[in-house]
Engineer: 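Before we start, here is the structure in question, set down as structure tokens.
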2 protein chains.
Amino acid sequence: MVAYTPGQVVEETGFSLDTLRYYERIGLLEPIGRNASGQRRFTEGDVSWLGMVRCLRDTGMPIAEMVRFAELVRAGDQTIPERVEVLEAHDRRVEEQLADLRDKQEALQRKIHYYKDVMSIPDGVYDAQGQQAL
Amino acid sequence: MVAYTPGQVVEETGFSLDTLRYYERIGLLEPIGRNASGQRRFTEGDVSWLGMVRCLRDTGMPIAEMVRFAELVRAGDQTIPERVEVLEAHDRRVEEQLADLRDKQEALQRKIHYYKDVMSIPDGVYDAQGQQAL
DNA sequence: TCTTGCGCTGGAGTGCACTCCAGCTTGCAG
DNA sequence: CTGCAAGCTGGAGTGCACTCCAGCGCAAGA
């Protein structure tokens, strides 16, 4: 039975020690096991759950919703259909984020091109007329 | 010379009135013109700059960086090369965001599939062995 | 043995980006 | 003329997600 020290979990997950303790406090992590002197020892399962947390967090799921999801996971297999609903709803939001980000990036790139065009006009000829909106 | 009332700008840009005032306070908007009795009247230029702000904000540029960019814009055409650098650096960050978001979405969808597989196993056969990490 | 570093707790503090409020003035529809 | 929606100011408050701190305990390598 392998166990991870807090330092190892920081290393593996990229979460800070304070963040791990915070996640435990708010119930995003179930109470972490301790060794004889009270130091945390994370299991493989804790670490892999943190992988899930990272995925959800980095795709913009609010902490409160992750906590609710964590509760479903702890409640056992009969919550799997509900978990699927939560994840599918989240997936749709991610899809929207992606579409929006792509659109905004296009606008950004148009702006960059516009600036580059302006720069290519010989000095003094460009007179600030015909400004573009985006 | 068309002018926009605060309400019209809220309508057009989707920023709240408080947000517009906040943006003016911190210098993300230059001081907005006023009518005889002190109410704001936004110009076409103000509104199109707000379009730019929305694009940068929605792609994750921090307010402080937008303010610096606004200062470059106000400083005149000789800052165009520097503006291009700022926007290109931002564009690269957006590219990274997109790549990361796509990866995370894939992981999320794998998880959803995993759950759906689990659900398709007849009742009682699935015994929580072979849990997957993500 | 010593000292360096990892870890512990509860609670306070931070940074960002707004958002709200009281108390007031203006604009305009009926 | 009246009433009410829209707008004004300065300043305080909010929500989120951490992040930091003081003061302490344990442990292991030089």
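Only this structure's heavy atoms are used, side chains among them; waters, hydrogens and symmetry mates stay out. Residue numbering restarts at 1 for every chain, and letters A, B, ... go by the order of the sequence lines.
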Engineer: Provide, to the nearest angstrom, the distance between the CD1 atom belonging to B:Ile26 and the P atom belonging to D:dG11.
Structural biologist: 17 Å
Engineer: Would you list the pairs meeting side chain to side chain donor-acceptor pair (under 3.5 Å) in which at least one residue belongs to residues 54-67 of chain B, sequence neighbours left out?
Structural biologist: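 Non-adjacent pairs meeting side chain to side chain donor-acceptor pair (under 3.5 Å): A:Lys104-B:Asp58, B:Arg54-B:Asp58, B:Thr59-B:His90, B:Glu65-B:Arg93.
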Engineer: Rounded to the nearest 0.5 Å, what separation is found between the CG atom of B:Leu50 and the SG atom of B:Cys55?
Structural biologist: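 Spacing of CG (B:Leu50) from SG (B:Cys55) equals 12.5 Å.
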Engineer: Under the salt bridge (Lys or Arg N to Asp or Glu O under 4.0 Å) rule, collect the residues that match up with A:Glu88, sequence neighbours excluded.
Structural biologist: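 Expected list: B:Lys116.
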Engineer: State whether A:Glu106 and A:Arg110 are salt-bridged, where the test is any N-O pair (Lys NZ or Arg NE/NH1/NH2 against Asp/Glu carboxylate O) under 4.0 Å.
Structural biologist: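 A:Arg110 and A:Glu106: salt-bridged.
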Engineer: With sequence neighbours left out, what residues match A:Glu30 under side-chain contact (heavy atoms from CB on, under 4.5 Å)?
Structural biologist: A:Asp46, A:Arg74
Engineer: Is any NZ, NE, NH1 or NH2 atom of the basic residue among A:Glu85 and A:Arg92 found under 4.0 Å from an Asp or Glu carboxylate oxygen of the other?
Structural biologist: no
Engineer: How does protein reach along nucleotides 17-30 of chain C, written 5' to 3' as B (base within reach of a heavy atom under 4.0 Å), S (only sugar-phosphate), or - (no contact)?
Structural biologist: BBBB-----SS---
Engineer: How about A:Gln8 and A:Phe42: do any of their side-chain heavy atoms sit closer than 4.5 Å?
Structural biologist: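 Answer no - side chains too far apart.
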Engineer: Please report, rounded to the nearest Å, how far the P atom of C:dG7 is from the CD atom of A:Glu24.
Structural biologist: 14 Å
Engineer: With sequence neighbours left out, which residue pairs that include part of residues 19-40 of chain B fulfil the ring-ring contact (aromatic ring centres under 6.0 Å, His included) condition?
Structural biologist: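 For residues 19-40 of chain B: B:Phe15-B:Tyr23.
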Engineer: Atom CZ of A:Arg34 and atom P of D:dG25: how far apart are they, to the nearest Å?
Structural biologist: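 Spelled out: CZ on A:Arg34 to P on D:dG25 is 17 Å.
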Engineer: What pairs of nitrogen or oxygen atoms, one from the protein and one from nucleotides 1-4 of chain C, lie under 3.5 Å apart?
Structural biologist:
none

Engineer: For the pair made of CG in B:Leu17 and P in D:dG7, what is the distance, rounded to whole Å?
Structural biologist: 6 Å
